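Only one structure is covered here, and it is reproduced in the block below.
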Amino acid sequence: MSFTAMRRAVTESVSGLPRAFWWLWTSTLVNRLGAFVATFMALYLTLERGYSASYAGLVAALHGLGGVVSSLGAGVMTDRLGRRPTLLIAQASTAGSVALLGFMEQPLAIAGVAFLVGMASNASRPAVQAMMADIVRPEDRVRAFSLNYWAINLGFAISSAGAGFIASYSYRAGFLIEAAMTLVCAIVVFAKLPESRPVRTALEKAAEPEVGLGTVLRDGRFMGVVGLSFLVALIFQQGSVGLPVAMGEAGFTPADYGLAIAMNGVLIVVLQIPVTRFIEHRDPRRLLVISSVVAGYGFGLTAFAGSVGVFALTVCVWTLAEIVNAPTQTSLVVRLSPTHGRGRYQGMYTMSWSVAALVAPLMSGFMIDRFGAEWLWGACAVIGTGAAIGYWGLMRGLPEEEKAAADVSVGNVRAAEPVASRTAES
């Protein structure tokens, strides 16, 4: 591809999105650039504090449990208080709790504050996704979610490398830097992002009932998507929990694992935008079916890996599935969510990933200890196949994009117009 063609492709990928989206994108990037706790918590607890691996695992589980607890609550807040207040509360709370965690020394205090960090850091996700759905046109949502996912991975890749140098100097400095960067995100939200929650008229409230958590739970198709999302997340989580353990038991070093898993971040940064250009207007059912199969069998191929190069190759295979799945699935969740209930729906979807983060370590540990790593990779292939079959059956008769985009037509134009005008002024 020539430089001119590449430049045109990049321009087309980022053009046409509102200014508010880019401020939200910037907030995401800054947040991930400051990521430290999730990356080095286990090393901090075992090397710096001298705790056992079991205790480090317990703290990681409590951090994940905090995310499970906060997902639904944050979704309700997003719909009731608004996207902007929820983001401000979540990010300010994250900054405070992360800074506090850096000063905790007693085991119970560390575990308790880690739980609070998990709650606070996950509380912003439903608000970010709901706000993105509010301010971006339906036909641009796959592209917008893809760009946001790209920012997450770009920031994480840079922060992971930088965090290693920071940790060699001071782990506490890492906690304080993450707290400061998260506080910067809160300031960006406060200064640049208007509230995007659509305002419903009395007529619209009378025509459409309020959305509660019960409404979400009774939405069979959406809850089916949540269940399938959990299965896919369970597969992808093995890249950070099952793969390092399996490689370690096979005699490979942490550096070998780092080299193999680095392909995940590199491919996402390089390929996320061009792949999204290719898939953004294609049938989401086929994309989710294909990505589920590729993810499952990408991990399944790990059973045949005997060198770092082959492990890296399997990472490349399932990373391609991740690149396709992430924006497609997030966009699907928006399509299935009523405009005035996006926060609750996004909270339920976020919870599926949080629960997977809890279950995946238990699953990988049990299967590797009892049966061997080959059974874990075989299970991933089976789960991926099951998820693909589920998506194929569940999404039959899915409304066309134009029909799903009704949230920006007729009755909701009045709610969307103030947002558009404020966005232009910001």
Side-chain angles (χ1 to χ4, degrees), residues 23-38 41 59-101 111-135 145 148-149 151-152 155-156 175 178-190 193 195-197 211-213 216 226 229-230 233 330 333-334 337 341-358:
W23 283 117
L24 191 59
W25 183 90
T26 300
S27 175
T28 297
L29 180 61
V30 172
N31 182 273
R32 298 314 299 168
L33 284 172
F36 181 87
V37 173
M41 176 60 80
V59 172
L62 287 172
H63 183 276
L65 181 61
V68 173
V69 171
S70 69
S71 296
L72 294 181
V76 174
M77 287 175 59
T78 297
D79 285 336
R80 288 189 175 180
L81 294 181
R83 286 60 159 143
R84 187 168 177 261
T86 303
L87 271 175
L88 285 170
I89 293 170
Q91 292 175 342
S93 300
T94 301
S97 58
V98 166
L100 181 63
L101 183 59
V113 177
F115 175 78
L116 295 178
V117 171
M119 286 187 64
S121 60
N122 280 276
S124 62
R125 294 181 182 179
V128 169
Q129 293 169 343
M131 179 174 278
M132 204 165 290
D134 294 337
I135 62 181
F145 285 125
N148 193 64
Y149 191 68
I152 290 172
F156 184 75
F175 285 98
E178 177 166 347
M181 298 286 273
T182 307
L183 194 59
V184 169
C185 294
I187 294 172
V188 169
V189 169
F190 178 78
L193 284 174
E195 175 57 56
S196 67
R197 181 180 57 172
V211 173
L213 289 178
V216 181
V226 169
S229 169
F230 165 76
T330 308
V333 170
V334 174
S337 308
R342 279 180 179 149
R344 290 174 173 85
Y345 274 71
Q346 290 289 353
M348 186 66 72
Y349 169 66
T350 299
M351 190 179 71
S352 68
W353 283 83
S354 299
V355 174
L358 276 178

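Just so you know, these numbers come straight off a predicted model, no measurement behind them. If you read the sequence from its start, that first residue is 1, and numbering goes on from there.
Atoms CE and OG, from M77 and S70 in turn, are 10.0 Å apart once rounded to the nearest 0.5 Å. Taken to the nearest 0.5 Å, the CG atom of N122 stands 12.0 Å off from the CE atom of M351. The distance from the OG1 atom of T86 to the CG atom of D79 is 8.5 Å, given to the nearest 0.5 Å. Here the straight-line distance linking atom CD of Q91 with atom CD1 of I187 works out to 10.5 Å at 0.5 Å rounding. Between the CG atom in L193 and the CZ atom in R84 there is a gap of 8.0 Å [rounded to 0.5 Å]. Of the inter-residue distances, the one linking R83 atom CZ with M132 atom CE reads 12.5 Å to the nearest 0.5 angstrom.
Counting heavy atoms from C-beta outward, T350 and Q129 have side chains that approach closer than 4.5 Å. Side-chain contact between L81 and I89 is present, with at least one heavy-atom pair separated by less than 4.5 Å. The side-chain heavy atoms of V30 and V188, taken from C-beta on, include no pair separated by under 4.5 Å. R344 is not listed as a side-chain neighbour of S337, based on a closest heavy-atom distance of 4.5 Å or more.
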Practice problem: Using the side-chain contact (heavy atoms from CB on, under 4.5 Å) rule, take F230 and V226 through it: C-alpha gap first, then chi angles, then the decisive distance, then the call. | Solution: CA-CA 6 Å; F230 165 76; V226 169; 5.9 Å; no

Quiz item: Can L87 and L24 be said to form a side-chain contact (heavy atoms from CB on, under 4.5 Å), step by step?
Solution: CA-CA 10 Å; L87 271 175; L24 191 59; 4.1 Å; yes

Quiz item: Going through the checks in order, is the side-chain contact (heavy atoms from CB on, under 4.5 Å) test met by S93 and M119?
Solution: CA-CA 9 Å; S93 300; M119 286 187 64; over 6 Å; no

Quiz prompt | side-chain contact (heavy atoms from CB on, under 4.5 Å) between V334 and Q346, worked out | solution = CA-CA 8 Å; V334 174; Q346 290 289 353; 3.4 Å; yes

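Across all non-hydrogen atoms, the minimal contact from S229 to S352 is OG-OG, 3.1 Å. Contact between A120 and S97 at its shortest, heavy atoms only, is CB-OG, 4.2 Å. Between V59 and A114, the closest heavy-atom pair is CG1-CB, 3.6 Å. Taking every heavy atom of both residues into account, A233 and A356 meet most closely at CB-CB, 3.6 Å. The two residues A130 and T78 come nearest to each other via the heavy atoms CB-CG2, 3.9 Å. In terms of heavy-atom proximity, L29 sits nearest to A151 at CD1-O, 3.6 Å.
With hydrogens and angles ignored, the 3.5 Å screen pairs no side-chain donor or acceptor of S27 with any backbone N or O of W23. At least one donor-acceptor pair under 3.5 Å links the side chain of T94 to the backbone N or O of S121.
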